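Here's the structure, in structure tokens; my notes come after.
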Amino acid sequence: MFDRLTRQPEDPLLALIGIFKADPRADKVDLGVGVYRDEAGHSPIFRAVKAAERIIWESQDSKSYVAPEGDQLFLDLLWSLVGGSAPSVHAAGVQTPGGSGALRLAADLIRQAGTGKIWLGLPTWPNHAGIFAAAGLEVETYPYFDVPSQTLQLDRMLEALQRAAPGDAVLIHASCHNPTGAPLSTEDFARITAVMAARGLVPLIDSAYQGFGAGLEGDAAGLRAMVAAVPEALLAVSCSKSFGLYRERTGALYAVASAQAAAETARSNLVSIARTSYSMPPDHGSAIVKTILDTPDLYADWSSELETMRQRLAALRRSFAEALGGRWSNTIAIGVQEGMFSLLPVTPAEVMTLREKHGVYMPTSGRINIAGLKLADVARVAGLFKSL
Ligand code: LMR
């Protein structure tokens, strides 16, 4: 059997982790994979996560199965954090192995419901297309962002969505767009929502960076308004970044509807799809998130640590944009974009020059993880981009 297989290339973004590690240069800079880093270049464990782990270690008395849908209290608390509390919005969720697990489950549900198509923005997180194609969906694209001018292409996006058929799914980033960092304003969300509602499109909202852009509430405001205004939506939530639980694979997928019965029917399908895939979700990460969200002291500490991270990112952005000066036509936009990423107008050849000559690592798309910069490195790294 195996000799009929061809060797697959490594995922280029994940491969960067190993290539960076192997570089012996002391002044190397990792602007690759999207993990938060502190000024020392370390991806820290939140204090509240450590405290929650201690509580779990002391109190947990069994590792038996929880439930096919995961831990209901985790699902309820996470829904309140992300989805809010509008009484007209009914959500039924399942716990998933990370945000990617939620997206794959959503893709399988979309397929199971007989919808063949999903629309993705250009550009988007590279793995989106792979996940939906693997589930057998046809992937269509809408324009989202123009890299040279660093501007959102909202009118072109809405024009493209006029071509979508009723029932088509449309992927939307809740906040901190990956890879562009280009934020959608409240008005932008309202215009997209109006088109979705008028054309009967089903939003699949990917919320993976809550707290890193406009804060915990601000990053959820657009998605909350959207799910309240359409009859059906799917919401994929990742706890990887907001709780720093990357390797614990913690997330959830919510079917959101204007009637509870419809959401519950969707959930029963999600549970049955998961049963034939990974059976049941892992528990440790969700137990941590549940403990934090359910313990006022831990919640306060977690949210203040997250806010500190958000402010560090914003400060790094400002100084990086300032240090770049007029390097590109709209460099100033990089300073006000949100979250970890910006997509720079550099060529793959320039990316390789930075990597090989200077030890500055980023994917060939030109995406940078702002958190990988240190304040102390900003001037030098900006100087390297200016020298290209
Ligand atoms: C990223 O975009 O860097 C992260 O979401 C990590 C990943 O899985 O690609």
Side-chain angles (χ1 to χ4, degrees), residues 34-39 43-49 52 77-86 89 91 99 125 152 172-190 192-193 203 205-228 235-246 250-252 254 288-290 292-321 333-342 369-373 375:
V35 298
Y36 178 81
R37 293 184 198 287
D38 59 20
E39 189 58 23
S43 182
I45 301 175
F46 279 78
R47 296 181 299 265
V49 166
L77 292 166
L78 189 66
W79 171 256
S80 301
L81 180 74
V82 186
S85 56
V89 177
W125 180 48
L152 200 67
I172 300 288
H173 296 234
S175 66
C176 306
H177 188 268
N178 181 3
T180 70
L184 290 173
S185 67
T186 310
E187 296 72 37
D188 296 338
F189 258 105
I192 298 168
T193 302
I205 303 168
D206 187 354
S207 178
Y209 294 89
Q210 190 182 4
F212 284 101
L216 280 171
E217 289 299 305
D219 286 342
L223 82 88
R224 288 177 189 172
M226 183 173 273
V227 299
L235 172 64
V237 183
S238 167
C239 298
S240 296
K241 287 88 181 177
S242 305
F243 292 86
L245 288 170
Y246 310 88
T250 309
Y254 295 91
I288 293 167
V289 170
K290 175 180 76 170
I292 292 172
L293 296 180
D294 204 25
T295 312
D297 287 355
L298 294 188
Y299 183 97
D301 190 45
W302 162 72
S303 54
S304 95
E305 195 168 359
L306 182 58
E307 176 60 15
T308 307
M309 293 174 169
R310 186 182 79 83
Q311 286 178 13
R312 178 181 129 76
L313 281 178
L316 274 170
R317 274 190 182 283
R318 282 193 299 272
S319 50
F320 185 55
I334 295 161
V336 293
Q337 287 161 355
E338 289 184 347
M340 292 195 198
F341 307 117
S342 281
N369 174 12
I370 298 280
L373 283 169
L375 271 176

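Remember, predicted model here, so these are calculated numbers, not experimental data.
Two residues are said to be in side-chain contact when any heavy atoms from C-beta on lie closer than 4.5 Å; N369 and F341 meet this criterion. Annotation: side chain of L81 is in contact with side chain of L293 (closest heavy-atom distance under 4.5 Å). No side-chain heavy atom of Y254 sits less than 4.5 Å from a side-chain heavy atom of V227. Annotation: side chain of Y209 is not in contact with side chain of D219 (no heavy-atom distance under 4.5 Å). Annotation: side chain of L375 is not in contact with side chain of F320 (no heavy-atom distance under 4.5 Å). Looking only at side-chain heavy atoms (C-beta outward), M309 and F46 come within less than 4.5 Å of each other.
Residue D206 holds its CG atom at 10.5 Å from CG of L223, rounded to the nearest 0.5 Å. Within the model, atoms OG of S175 and CD1 of I205 stand 11.0 Å from one another, a figure rounded to the nearest 0.5 Å. Once rounded to the nearest 0.5 Å, the distance linking CZ of R312 with CG of L373 reads 8.0 Å. Taken to the nearest 0.5 Å, the CD1 atom of I288 stands 7.0 Å off from the CD1 atom of I292. The structure places CD1 of I172 at 8.0 Å from OG1 of T193, a figure rounded to the nearest 0.5 Å. Rounding to the nearest 0.5 Å gives a distance of 10.5 Å between OG of S43 and NZ of K241.
Between M226 and I192, the shortest heavy-atom contact is CE-CG2, 3.8 Å. Nearest heavy atom pair, residue G213 against residue C176, reads N-SG, 3.3 Å. In terms of heavy atoms, L306 sits closest to G211 at CD2-CA, 3.9 Å. Across all their heavy atoms, L152 and P183 have their closest contact at CD2-O, 4.1 Å. The nearest pair of heavy atoms linking L235 to S207 is CD1-CB, 4.2 Å. Minimum heavy-atom separation, P179 to W125: CD-N, 4.1 Å.
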Checking R310 against E307 for the side-chain contact (heavy atoms from CB on, under 4.5 Å) test, could you report, in this order, the C-alpha distance in whole Å, the side-chain angles of both residues, the deciding distance, and whether it holds? CA-CA 5 Å; R310 186 182 79 83; E307 176 60 15; 2.8 Å; yes
Output, in order, the C-alpha distance, side-chain angles, deciding distance and verdict of side-chain contact (heavy atoms from CB on, under 4.5 Å) for S240 and T250. CA-CA 6 Å; S240 296; T250 309; over 6 Å; no
Go through the steps to decide whether I370 and M340 satisfy the test side-chain contact (heavy atoms from CB on, under 4.5 Å), and finish with yes or no. CA-CA 5 Å; I370 298 280; M340 292 195 198; 5.6 Å; no
Can you check side-chain contact (heavy atoms from CB on, under 4.5 Å) on V82 and L78, steps first, answer last? CA-CA 6 Å; V82 186; L78 189 66; 4.2 Å; yes
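Aromatic ring pairs are classed by plane angle as parallel below 30°, tilted from 30° to 60° and perpendicular above 60°; the pair W302 and F243 is parallel.
In terms of modelled atom types and a separation under 3.5 Å, the side chain of T295 and the main chain of L298 share no donor-acceptor contact. Listed for the S242 side chain is no donor-acceptor partner under 3.5 Å among the backbone atoms of C239.
Under the rule for a side chain to side chain donor-acceptor pair (under 3.5 Å), the partners of R47 that lie at least two apart in sequence or sit in another chain are D301.
In the model, S342 has a side-chain atom that pairs as donor or acceptor with a side-chain atom of Q337 under 3.5 Å.
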